[in-house]
Amino acid sequence: MLFEARFGPGIQAGDITVTYRRWKRRQAVAGHRYRTVVGYLEVDAVDVVEQSSITPRNAQAAGYPSVEALVGDLRGTPDLPLYRIRFHVVDEPDPRDELAASATLDPGEVADITARLQRLDKASRIGPWTAAILDLIAERPEVRAADLAASVGRETQPFKLDVRKLKNLGLTISLRVGYELSPRGRAYLDRSEPEAP
């Protein structure tokens, strides 16, 4: 689920515990966890509601000063179903951070990472990309995503999506500007590089 940055502090503080969305079909499931800009959220309930049922208290729980402000901010056309999603912050470390911090890889882990990267390469419309992007980030840490993407002739957003796939494997870390290899990513490159003859 996506949230604008302005809602971040309220979500993290536990003051915002509900959001309303107009969706063609349900896009969140009760009991599932979702990664957001403020960390992991767990969805407690997803219900289709009538707009007329939104109360001032509901609006405040969604981070709005009034029902009118909430309704005015809804995206999508009024004919779409209106979903109320109740959630809470999951106060646990991001599993990707714990995975990324591991600098020791056994042969089985190296083989597993290699297989996952090969699947990403095989599924890509642009051909194999994972090794090149890992090498690029290793060579140019803390460089803006747009500059990295341009250096390999790619558009920024698809490039960032691909880097996120590497982050999901614990191989990269997002910085305030650009990226760097995680300890796990560095260990993988060290273990997977062919030995010199």
Side-chain angles (χ1 to χ4, degrees), residues 1-49 54 57-64 70 73-76 80-105 109 112-113 115-117 119-120 123 130 133-134 137 141-142 144-145 148 156-188:
M1 288 188 297
L2 298 177
F3 288 91
E4 294 178 30
R6 61 187 167 126
F7 296 112
I11 292 171
Q12 289 176 320
D15 298 326
I16 297 177
T17 57
V18 65
T19 187
Y20 289 83
R21 307 291 170 98
R22 285 190 180 124
W23 289 330
K24 289 183 180 178
R25 60 184 181 280
R26 187 181 305 257
Q27 296 183 32
V29 178
H32 285 212
R33 292 183 178 185
Y34 297 89
R35 191 181 300 123
T36 72
V37 294
V38 296
Y40 277 92
L41 303 180
E42 183 167 327
V43 172
D44 301 312
V46 182
D47 301 295
V48 177
V49 298
I54 302 174
R57 180 176 289 188
N58 296 147
Q60 289 179 351
Y64 290 91
L70 186 158
D73 213 21
L74 287 172
R75 296 180 182 174
L80 293 174
L82 178 61
Y83 290 86
R84 180 185 62 211
I85 303 97
R86 297 186 185 280
F87 60 85
H88 67 273
V89 175
V90 177
D91 190 18
E92 297 173 6
D94 186 331
R96 296 178 306 174
D97 294 340
E98 295 182 333
L99 188 64
S102 174
T104 304
L105 297 175
E109 290 173 305
D112 180 61
I113 293 170
R116 289 169 181 252
L117 294 177
R119 284 196 293 273
L120 290 174
T130 58
I133 299 304
L134 285 171
I137 292 171
E142 300 182 64
R144 288 186 334 129
L148 291 176
T156 302
Q157 288 308 314
F159 177 87
K160 290 171 76 172
L161 286 174
D162 281 345
V163 175
R164 189 173 302 150
K165 294 171 187 174
L166 299 176
K167 183 177 181 179
N168 289 342
L169 296 177
L171 301 176
T172 64
I173 297 171
S174 297
L175 305 173
R176 191 176 62 81
V177 176
Y179 315 96
E180 68 179 8
L181 290 184
S182 67
R184 178 181 176 87
R186 287 193 296 272
Y188 175 72

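Values reported hereafter were calculated over all heavy atoms of this structure, with side chains retained and with hydrogens, waters and symmetry mates removed.
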Subject >> Within-4.5 Å side-chain heavy-atom neighbours: Tyr83 and Asp47 >> reply: no
Original post:
Is it the case that Asp73 and Tyr64 place a side-chain donor and acceptor less than 3.5 Å from each other?
Top reply: yes
Original post:
Is any side-chain heavy atom of Leu80 less than 4.5 Å from a side-chain heavy atom of Lys24?
Top reply: yes
**OP:** Measure across Arg22 and Arg75 and return the closest heavy-atom pair with its distance rounded to 0.1 Å.
**Re:** CB-O, 3.2 Å
Original post:
Under 4.5 Å between any side-chain heavy atoms of Phe7 and Asp15, yes or no?
Top reply: no
Original post:
Is it the case that more than 12 heavy atoms not belonging to Arg6 sit under 6.0 Å from its CZ atom?
Top reply: yes
Original post:
So, the side chain of Arg184 versus the backbone of Leu169: is there a donor-acceptor pair under 3.5 Å, distance only?
Top reply: yes
**OP:** Give, for atom CG of Leu166 and atom CG of Leu120, the distance between the pair rounded to the nearest 0.5 Å.
**Re:** 7.0 Å
**OP:** Please report the closest heavy-atom contact between Ala187 and Ala103, naming both atoms and the distance.
**Re:** CB-O, 3.3 Å
Subject >> Minimum heavy-atom distance between Leu181 and Ile173, given as atom pair plus value >> reply: O-CD1, 4.4 Å
Original post:
Ala145 and Lys160: which non-hydrogen atoms are nearest, and at how many Å?
Top reply: CB-CG, 3.7 Å
Original post:
For atom CZ of Arg84, is the number of surrounding heavy atoms from other residues, nucleotides or ligands below 6.0 Å larger than 12?
Top reply: yes
**OP:** For side-chain contact (heavy atoms from CB on, under 4.5 Å), just list the numbers for His88 and Asp44, CA-CA rounded to whole Å, side-chain angles, deciding distance to a tenth of an Å, and then say yes or no.
**Re:** CA-CA 7 Å; His88 67 273; Asp44 301 312; 2.8 Å; yes
**OP:** Could you pull out the closest heavy-atom pair between Val90 and Leu41, with the gap in Å?
**Re:** CG2-C, 4.0 Å
Original post:
Looking at side-chain heavy atoms only, is the closest gap between Leu105 and Ile113 below 4.5 Å?
Top reply: yes
Subject >> Within 6.0 angstrom of Leu161 CG, more than 12 heavy atoms from elsewhere >> reply: yes
**OP:** Count the heavy atoms belonging to other residues, nucleotides or ligands that lie under 6.0 Å from CZ of Arg164, then report whether that count exceeds 12.
**Re:** no
Subject >> Point-to-point distance, once rounded to the nearest 0.5 Å, from OH of Tyr179 to NZ of Lys167 >> reply: 9.0 Å
Original post:
OG1 of Thr172 to CG of Leu134: how many Å apart, nearest 0.5 Å?
Top reply: 7.5 Å
Original post:
Atom CD of Glu142 and atom CD of Glu180: how far apart are they, to the nearest 0.5 Å?
Top reply: 6.5 Å
Original post:
Side chains of Asn58 and Val18: does their closest heavy-atom pair fall under 4.5 Å?
Top reply: no
Original post:
Counting N and O atoms only, with roles assigned by atom type, does the side chain of Tyr20 sit under 3.5 Å from a partner on the main chain of Val49, one being a donor and the other an acceptor?
Top reply: no
Original post:
Looking at side-chain heavy atoms only, is the closest gap between Val48 and Leu82 below 4.5 Å?
Top reply: no
Original post:
With no hydrogens and no angle check, is any side-chain donor or acceptor of Ser182 less than 3.5 Å from a backbone partner on Ala101?
Top reply: no
Original post:
What is the minimum heavy-atom distance between Ala28 and Val46, and which atoms define it?
Top reply: O-CG2, 3.5 Å
Original post:
Is there side-chain contact between Leu148 and Phe159, with heavy atoms separated by less than 4.5 Å?
Top reply: yes
**OP:** Supply the atom-to-atom distance Thr17 OG1 to Ile85 CD1, rounded to the nearest 0.5 angstrom.
**Re:** 12.0 Å
**OP:** Verify side-chain contact (heavy atoms from CB on, under 4.5 Å) between Leu171 and Leu117, making sure each step is shown before the conclusion.
**Re:** CA-CA 11 Å; Leu171 301 176; Leu117 294 177; 4.0 Å; yes
Subject >> Ring-ring centroid check Phe87 Tyr40, cutoff 6.0 Å >> reply: no
Original post:
What distance separates Thr130 OG1 from Asp162 CG, expressed to the nearest 0.5 Å?
Top reply: 9.5 Å
Original post:
Does the cation-pi check pass for Arg21 over Phe3, that is, NZ or CZ under 6.0 Å from the six-membered ring centre and within 45° of its axis?
Top reply: yes
